[in-house]
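Note on naming: letters A, B, ... go to the chains in the order of the sequence lines (proteins, then strands), and numbering restarts at 1 for each one.
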Amino acid sequence: MATNYWLVKQEPEAYSWADFVKDKTTDWTGIRNYQARNNLRQMKKGDVVFYYHSVSEKQIVGVAKVTKEHFPDPTAKEGDWSCVELKAVKALKVPVTLEQMKADTALAEMPLIRHTRLSAMPLTAAHAQRLLKLGKTEL
DNA sequence: GCCAACGTTGGC
DNA sequence: GCCAACGTTGGC
């Protein structure tokens with residue numbers, strides 16, 4: 001099965017990459033947006049997930065992997081919501097900033113840029129390779 | 001089922 | 001801190 005690529009957004013003030021690394025794995029809970037939820041549900045074990053710090057940093061800082069496919073979000077008191085379990089894999093050697101991504105023709109089509117409010121989104125393999133290159137990082 | 005009002009997110 | 005963009009809600 002081919003690996004899929006994703007990008008999730010998080011405000012570093014709420015749960016930073018550093019927190020994630022310390023925890024090693026985390027349940028990606030709290031998604032309350034239908035489109036993002038549907039994306040979460042399509043994540044497969046072993047898929048690669050880029051980790052984007054929004055608001056105060058606006059850059060991709062690390063790479064994670066899906067370790068558990070979607071299950072009901074335990075933090076949701078009502079409604080039909082899902083989460084996945086992610087494992088921190090490695091930080092990018094060089095963070096890739098929003099500014100860089102906007103300026104890069106290979107990345108300007110990413111949902112991150114066109115749909116700024118979406119908190120979990122699919123990436124193409126081409127996007128992923130480009131991001132790794134810009135981040136000077138190999139998986 | 002449409003659309004206006006409102007709330008939230010995120011870039012600047 | 002402000003404001004634009006977007007998703008969601010609720011009245012009709």
Nearest-angstrom distance from the residue atom NE2 of A/His115 to P of C/dT8: 13 Å
Under-4.0 Å side-chain N/O to phosphate OP1/OP2 contact, A/Lys102 with B/dC12: yes
Protein-nucleotide distance (A/Gln10, atom CD; B/dT8, atom C1'), rounded to Å: 15 Å
Length of the CG-C1' vector between A/Leu98 and B/dC12, whole Å: 11 Å
For atom CZ of A/Arg32 and atom P of C/dG7, their distance in whole Å: 18 Å
Separation of atom CE in A/Met101 from atom P in B/dG10, rounded to whole Å: 13 Å
Integer-rounded Å distance: B/dG11 C1' and A/Arg117 CZ: 12 Å
Phosphate OP1/OP2 of B/dG11: any A/Tyr52 side-chain N/O under 4.0 Å: yes
Between A/Ser54 and A/Gln10: side-chain donor-acceptor atoms closer than 3.5 Å: no
Length of the CG-C1' vector between A/Leu118 and B/dT8, whole Å: 14 Å
Sub-6.0 Å ring centroid separation between A/Tyr51 and A/Trp6: no
Centroid-centroid distance, A/Tyr52 to A/Trp17, less than 6.0 Å: no
Phosphate contact (B/dG10 OP1 or OP2) by A/Lys58 side-chain N/O below 4.0 Å: no
Length of the CD1-P vector between A/Ile113 and B/dG10, whole Å: 15 Å
Short N-O contact, A/Arg32 and A/Asp73, less than 4.0 angstrom: yes
5' priority, DNA chain C, between A/Gln35 and A/Val55 [closest heavy atom]: A/Val55
